[in-house]
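Working notes for the structure below.
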Number of protein chains: 2
Amino acid sequence: MKSASAGPPTLRHVAQASQVSESTVSKIVNRTKRFSPEVERRVQAAVAELGYTPNPHARSVITGRSRTIGVVVADVLNPHFALLIKGVGSVARARGYTVLLTDSDEDSDLEAELLGTLIPRVDGLIVAPRLEAQVVAQFARLKPLALTARPSDLARRQALGEALTFGVDGFQTGQMIGHYLAQGGHRHVSYLHLAQADDDRLRGLEAALGGQGIRCTVHRSAEPSIEGGLRAATAMLLGEDRPDAVVTYNDLMALGVLAEARKFGFEVPRDFSLVGVDDIPYAALTSPPLTTVRTYSREIGVQLAEALLDRIEGVDRLAPTPPTPQLMVRGSSAPRQYEAAPVGRG
Amino acid sequence: MKSASAGPPTLRHVAQASQVSESTVSKIVNRTKRFSPEVERRVQAAVAELGYTPNPHARSVITGRSRTIGVVVADVLNPHFALLIKGVGSVARARGYTVLLTDSDEDSDLEAELLGTLIPRVDGLIVAPRLEAQVVAQFARLKPLALTARPSDLARRQALGEALTFGVDGFQTGQMIGHYLAQGGHRHVSYLHLAQADDDRLRGLEAALGGQGIRCTVHRSAEPSIEGGLRAATAMLLGEDRPDAVVTYNDLMALGVLAEARKFGFEVPRDFSLVGVDDIPYAALTSPPLTTVRTYSREIGVQLAEALLDRIEGVDRLAPTPPTPQLMVRGSSAPRQYEAAPVGRG
DNA sequence: GTGAAAGCGCTAACAC
DNA sequence: GTGTTAGCGCTTTCAC
């Protein structure tokens, strides 16, 4: 029974209750040293009795570590990030860490602000950055950072300095989509790009299409969301020279395009093929179900967290191989048949 | 320029660099006292020069507060919770707090564990609880708690002890759906209930249907997710005596039911009306778009956070009125016309 | 205005 | 095995 003292019980209270020194209690609580059964019993009893919990802040002041990692994503509402968070969380919990999560709302300035407030509180950070590489690199000098980006381009990777980077290859992702569309006889692809994002996907797509002489029109949006897709759809679909394939930076945008296209009276994939990226859970449930590239969001989160915690704890493990993106062909895309005579189906 | 000392700069370093005492620096940094312009300038300069950031842990040890609030949700992947988180985050940031977020994966034991680890680190907690009221009440005695639940039932509300509770009224939500379906001439409603959840919605639904002599069959699932809906669909739709309306605990489950129903060859709303709860962003994008009840997830997050921070800071503000749930009638539901003669439309 | 001194709750050397 | 001592980085009386 705790007497009418202010605040929660401290080490001192446990020490007094069990008639030992504070350091003894500390060592028992932290299992950092063994004591006689008698003493251990008494201390454990007092801990239970008082409901003692160590003050993690006090501990951090001394050790300089907080057993906390920060996560900064652009939008928790995006299932890609939500899955990443879940991956990070499961690893963190298993290894005894707490997660400090923040949502930058797709705003770079806010992202920088959040990084600033998180850094003094955490042992390391996992970031899906919208900030430029140089700025991120500055933060990477203060605390270990693990980034989801995986720039194919060496210069940019070096700009990130000491930060770990890990993620599905963007160039490869774009390339897969390009090859697939080329093979399907498409002649004009519109890509809905995320304004502040890496150009990896775009370059991969263009590389694959360019060789085949297929046109690629690029549209930009600042919002990698359903709304972004909705808003961009008009420009993409209602201009003259309509594309026969639309590729979007991510699935959310694709869902937006799909909804808006339906409103305009288009039918997918009859009027154009639609391809997203991420394979969020909703992608398989639309009608038609969305063709997309699986980016293994959860796995990326797991591997980022493992790598970050390894670095924090000084464990020298081999860097894991990132998953290979996988094209999920579904109903929203179909081959074009421009010169085929109108012979029924197939 | 910081010399080759270990770790980040501390108050002491700033004090030395600016030739004043530590306490002076502390007071200037915290704006807790004013000094001569000359001294203030010197200190500010040193702070900038060294890149000093206060150590929040050290501060917490003394003040007993961390300017951090914890959030525990069952599943970040559920847009309802993601929106709630966003609401909480925006308020927290505006008021100078950091958010410690965790995902209990719909697991009560894990939820309890997470609460235990968060409590010593935060000034208060926002919880969307799956745990029983009594257990939650225990935690509420340690730190201020704000809960999303809003049990209509007084006994349960009292069981929650000192915790703030705030959310859209479950009974009312169920009732609205019941009235709507009754009015549409439905005769047999199946409700897909979340096993460990409050019965408020169910009771509201039954209250509205019972009066009209409409049958209500209850199915239970432990997963308030797309998968939960997929899995429950078979039992709900393939038994004899098929319902002419399906209501689900939330929209995710409804999406699952919709997808599975399509696979079975059902057509919605021709074969049955489908109604969800939450109005997640995807609800309006399915085909047919989902009829649902808007629960104002983001607003709830905002108001919970405001209320919690008010309590933490001892501000005595009036408790806000929770939003009224709103029925969003869309294409997935339609009136039944059992005895009407086959006279075209309308 | 400014500073000295004490101490928050805890860990880490080092005695014994 | 157990205790003593010092001190992490900071805030907070209370003097001057």
Side-chain angles (χ1 to χ4, degrees), chain A residues 2 5-44 46-47 50-68 96 117 119-123 142-143, chain B residues 2 5-44 46-47 50-68 119-123 142-143:
Chain A
K2 192 153 97 27
S5 68
T10 71
L11 257 198
R12 166 122 77 259
H13 299 131
V14 178
Q16 282 166 349
S18 51
Q19 307 276 33
V20 295
S21 74
E22 291 185 35
S23 60
T24 299
V25 177
S26 170
K27 286 160 193 158
I28 291 178
V29 168
N30 294 311
R31 291 169 171 64
T32 178
K33 225 146 202 169
R34 307 250 28 176
F35 289 82
S36 69
E38 162 60 11
V39 168
E40 300 220 337
R41 207 197 47 67
R42 275 202 338 253
V43 170
Q44 301 292 12
V47 165
L50 299 175
Y52 169 74
T53 335
N55 180 329
H57 302 297
R59 192 176 272 176
S60 294
V61 173
I62 301 171
T63 61
R65 310 241 288 89
S66 59
R67 293 198 81 78
T68 299
T117 65
I119 278 188
R121 302 165 187 263
V122 301
D123 296 340
L142 300 172
K143 283 281 164 71
Chain B
K2 191 154 96 31
S5 69
T10 71
L11 256 198
R12 164 122 77 262
H13 299 130
V14 178
Q16 282 166 351
S18 50
Q19 307 275 33
V20 294
S21 74
E22 292 184 35
S23 56
T24 298
V25 178
S26 169
K27 286 159 193 157
I28 291 179
V29 168
N30 294 311
R31 291 168 169 67
T32 177
K33 224 144 203 171
R34 306 248 28 172
F35 290 81
S36 68
E38 162 60 9
V39 167
E40 300 219 339
R41 206 198 46 67
R42 281 210 323 264
V43 170
Q44 301 292 11
V47 165
L50 298 175
Y52 169 74
T53 334
N55 180 329
H57 302 298
R59 193 174 271 178
S60 295
V61 173
I62 301 170
T63 61
R65 311 240 289 90
S66 58
R67 293 197 81 78
T68 299
I119 278 188
R121 302 167 186 260
V122 301
D123 296 339
L142 301 172
K143 283 281 165 71

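Numbers restart at 1 for each chain; the letters A, B, ... are given by sequence-line order, proteins then strands.
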*Would you indicate, yes or no, if D/dC8 has its OP1 or OP2 atom less than 4.0 angstrom from a side-chain nitrogen or oxygen of B/Arg12?*
yes

Of D/dT4, D/dT12, C/dC10, the nucleotide closest to the side chain of A/Ser23 is D/dT4

Picking from D/dT11, C/dG1, C/dG9, the nucleotide nearest the side-chain atoms of B/Asn30 would be D/dT11

B/Arg41 CZ to C/dG1 P, in whole Å, measures 18 Å

Heavy-atom neighbours of B/Arg34 CZ exceed 12 at 6.0 Å: no

Item to complete: Check if the side chain of A/Lys27 and the base of D/dG1 share a donor-acceptor pair of N or O atoms closer than 3.5 Å.
Response: no

query = With distance as the sole criterion, do the side chain of B/Ser36 and the base of C/dG1 form a donor-acceptor contact below 3.5 Å?
reply = no

Between CD1 of B/Ile28 and C1' of D/dT12 the distance, given in whole Å, is 16 Å

Here the distance between atom P of C/dG1 and atom CD of B/Glu22, to the nearest Å, is 22 Å

Rounded to whole Å, CD1 of B/Ile62 lies from C1' of C/dC10 at a distance of 13 Å

Report task. May I ask you to verify if any side-chain N or O of B/Thr10 is less than 4.0 angstrom from the OP1 or OP2 atom of D/dG9? Result -> no

Closest of D/dC8, D/dG9, D/dT11 to the B/Arg59 side chain is D/dT11

Taken to the nearest whole Å, CG/A/Asn55 to C1'/D/dC10 is 13 Å

Can you tell me if A/Ser26 touches the phosphate of C/dC10, counting only side-chain N or O atoms and a distance under 4.0 Å to OP1 or OP2? no

Contacts of B/Lys33 and B/Thr53 projected onto DNA chain D by closest heavy atom; the upstream (5') one is B/Thr53

Which of C/dT2, C/dT11, D/dT2 is nearest the side chain of A/Phe35? It is D/dT2

Check: A/Tyr52 and A/Val29 side chains under 4.5 Å, non-hydrogen atoms
yes

Between CD of A/Glu38 and C1' of D/dT2 the distance, given in whole Å, is 14 Å

A/Arg42 atom CZ is separated from D/dG1 atom C1', nearest whole Å, by 12 Å

Do B/Val14 and B/Leu50 have side chains that approach each other closer than 4.5 Å (heavy atoms only, starting at C-beta)? yes

Checklist entry - Are the side chains of A/Leu11 and A/Ser26 in touch, meaning some heavy atoms are under 4.5 Å apart? => result yes

Between CG of A/Leu11 and C1' of C/dT11 the distance, given in whole Å, is 9 Å

Next on the checklist: Any heavy-atom pair between the side chains of A/Thr117 and B/Arg67 that's under 4.5 Å?
Outcome noted: no

The answer to which of B/Val20 and A/Thr63 contacts DNA chain C further toward the 5' end, by nearest nucleotide, is B/Val20

Quick note, B/Thr24 side chain, CB onward, closest among D/dT11, C/dG3, C/dC10 is C/dG3

